[in-house]
2 protein chains.
Amino acid sequence: MKKYQIIREDLKQKIQLGEYVEGDLLPSENELCSTYFITRTTARKALDELLKEGFIERKHGKGSVVRERRKSLGLLNVKGFSDAVGDNVRTVFLQKPVISSWSRSIHFPVSDAEKDMPCIYFERLRYVGDVPVMLESNWIADFGMTGIIESEFVEGSFFRTLSRNYSIEIIGSEQELRAEFASKEIAELLQVKIIAPVLHISVKFKTSQPKLNIYSELYCNTENYPIGNSYNI
Amino acid sequence: MKKYQIIREDLKQKIQLGEYVEGDLLPSENELCSTYFITRTTARKALDELLKEGFIERKHGKGSVVRERRKSLGLLNVKGFSDAVGDNVRTVFLQKPVISSWSRSIHFPVSDAEKDMPCIYFERLRYVGDVPVMLESNWIADFGMTGIIESEFVEGSFFRTLSRNYSIEIIGSEQELRAEFASKEIAELLQVKIIAPVLHISVKFKTSQPKLNIYSELYCNTENYPIGNSYNI
DNA sequence: TAGTGGTCTAGACCACGGT
DNA sequence: CCGTGGTCTAGACCACTAG
């Protein structure tokens, strides 16, 4: 483990555990240098990554400010998921993680290496209040994730589970977006009419483990809660 | 202008002008050091930014490899726009840049500072082959961009025009995505049925000039050409 | 083995923010 | 004014790639 990774993960965990909350200042670069016995270059590298991942903002002359805690599926946020608090947002498993075969519903091509492994599949429906807004189907190759099927996700997040229990990080994604008519099943699950337009997002999340990807197919009712996405260079 | 910005822009321009094409190796970090009289830290900073912006990949032990040239609207790519070559892709102005009033069609709130300035508006329709796939309406505050109305865009790109002529860079964006039924006008322009589902994307591009944003409303026919988006941490 | 990118040290000066 | 982040220098050692 590189030094900057250790510091990054330490700080990230403290943010995720609520030790630092939105608006708080992280230790200054010089403080990090003395606590971790590193130079500013290394401290800055760690902070740069937190910036890139959206955990902090940096204010010249002030410090590194913690941003809104990300509760969402990585890069995409359901507008309202982050704003709405507590009980307003619910996630229901339609299918808890199981070993399954690779589905043809996956839009992006699955590599042969992945196809040689078993596939773990799970499906969730996300609500804002009583309105189902996003149906989410996920597939990932089972490279030997002991316990993933039996146990709950860390803080309800699959990504955090991968990070904490298996040291796997999301390093990027590809997405394809389409506006479609809801199919009969999707319409029923999202409680919309069959001819309603839904947003279909196919995602391939790339992970720090080479050739290991997470494939997701999302169907969103964007009528009341559009999908948000922000990006800072 | 910071040193790393100069190097970044030099390299970016060479990529954009085709001096380096996909697969080519950029000068190594040490070569950049000697040509620009800088240290490796600075060279790496420039390359890091090109990496973040998607212009290069870096291969340990090999070098910095130029990636597919980005021809699109910043973060969003019409799948096919980058793959399709030359005449296959066309952009037609429905409205060349004009001074206009601030429209209520803009989804994101426009700041008072911007509203105090005149608004430049233009509208384009993008085709793949003979199929119109994206209608794009854009608004930006006119902070004194002399010549923007009279002259053509640099290489057909508004962003490149801002970069070359006014030293304004895109530093981030916020997006909201919705699946909607096409309105009558949109349906006609995109040559789809009125009840067809279209992807509506509202974008606020943040620029390096504080309080200057570009607002875009995009309507996409995703039936044959889904919208793509990729992201690397 | 030579050259490349990846990490890291130990400094320096500057611009910005709040006191 | 002091502490903060932003930029930059001048080195060092390591891991990877390819001839």
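Throughout, a chain's letter reflects where its sequence line sits, starting with A, and its residues are numbered from 1.
Going from atom CD1 of A:Ile6 over to atom C1' of C:dC8 covers 13 Å, rounded to whole Å. Rounded to whole Å, atom P of C:dT9 lies 13 Å from atom CG of A:Leu32. Atom-to-atom, NZ of B:Lys3 to C1' of D:dG6 comes out at 14 Å; the value is rounded to the nearest Å. In this structure, A:Lys2 places its NZ atom 12 Å from C1' of C:dG5, rounding to the nearest Å. Atom CZ in A:Arg58 sits about 15 Å away from atom C1' in C:dA15, given to the nearest Å. Atoms CG (B:Asp48) and C1' (D:dT7) sit 14 Å apart, rounded to a whole Å. Computed from coordinates, the B:Gln5 CD to D:dG6 P distance equals 13 Å when rounded to whole Å.
Put simply, B:Arg44 has no side-chain N or O that comes within less than 4.0 Å of OP1 or OP2 on C:dG5. At least one side-chain nitrogen or oxygen of A:Ser28 sits closer than 4.0 Å to the OP1 or OP2 atom of D:dT4. The shortest distance between the side-chain N/O atoms of B:Tyr4 and the OP1/OP2 oxygens of D:dC8 is not below 4.0 Å. Regarding contacts with the backbone of D:dT9, a side-chain N or O of B:Thr42 is found under 4.0 angstrom from either OP1 or OP2.
Partners of B:Asn30 by side-chain hydrogen bond (donor to acceptor under 3.5 Å, both in side chains), not counting sequence neighbours: none found. Applying the ring pair (Phe, Tyr, Trp, His ring centres under 6.0 Å) test to B:Phe158 and every residue at least two apart in sequence or in another chain returns B:Phe122, B:Phe153. The side chain to side chain contact (heavy atoms under 4.5 Å, CB included) check on B:Lys204 picks up B:Phe108, B:Glu174, B:Asn213, B:Tyr215, with sequence neighbours excluded. Under the side chain to side chain contact (heavy atoms under 4.5 Å, CB included) criterion, A:Ser101 pairs with no residue, sequence neighbours left out. Listed by chain and number, the residues in a ring pair (Phe, Tyr, Trp, His ring centres under 6.0 Å) with B:Tyr219 are B:His200 (sequence neighbours excluded).
A donor-acceptor contact closer than 3.5 angstrom links the side chains of B:Glu176 and B:His107.
Between A:Phe37 and B:Glu29, the one whose closest nucleotide on DNA chain C sits nearer the 5' end is B:Glu29.
Closest to the side chain of A:Asn30, out of D:dT7, C:dT9, D:dT4, is D:dT4.
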Scan nucleotides 13-19 of chain D against the protein and return all N/O pairs shorter than 3.5 Å with their distances rounded to 0.1 Å.
| residue | atom | partner | partner atom | Å |
| --- | --- | --- | --- | --- |
| D:dA15 | N3 | B:His60 | NE2 | 2.8 |
| D:dT17 | O4' | B:Gly61 | O | 3.4 |

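At the heavy-atom level, A:Leu47 lies nowhere under 4.0 Å from the strands shown. Within 4.0 Å of B:Tyr36, counting heavy atoms only, lies no atom of the nucleic acid at all.
Within the structure, salt bridge (charged side-chain N to carboxylate O under 4.0 Å, His left out) pairs that include any residue of residues 138-150 of chain B do not occur (at least two apart or interchain). Sequence neighbours left out, the pairs with a member in residues 29-47 of chain B that pass salt bridge (charged side-chain N to carboxylate O under 4.0 Å, His left out) are B:Glu29-B:Arg40, B:Glu29-B:Arg44, B:Glu29-B:Arg58.
Among the duplex regions that DNA chain D forms, those built from at least three successive Watson-Crick or G-U pairs under 3.5 Å are C:1-18 with D:1-18, ordered by first number.
A cation-pi arrangement is present between B:Lys96 and B:Phe93 under the rule of less than 6.0 angstrom and at most 45 degrees off the ring axis.
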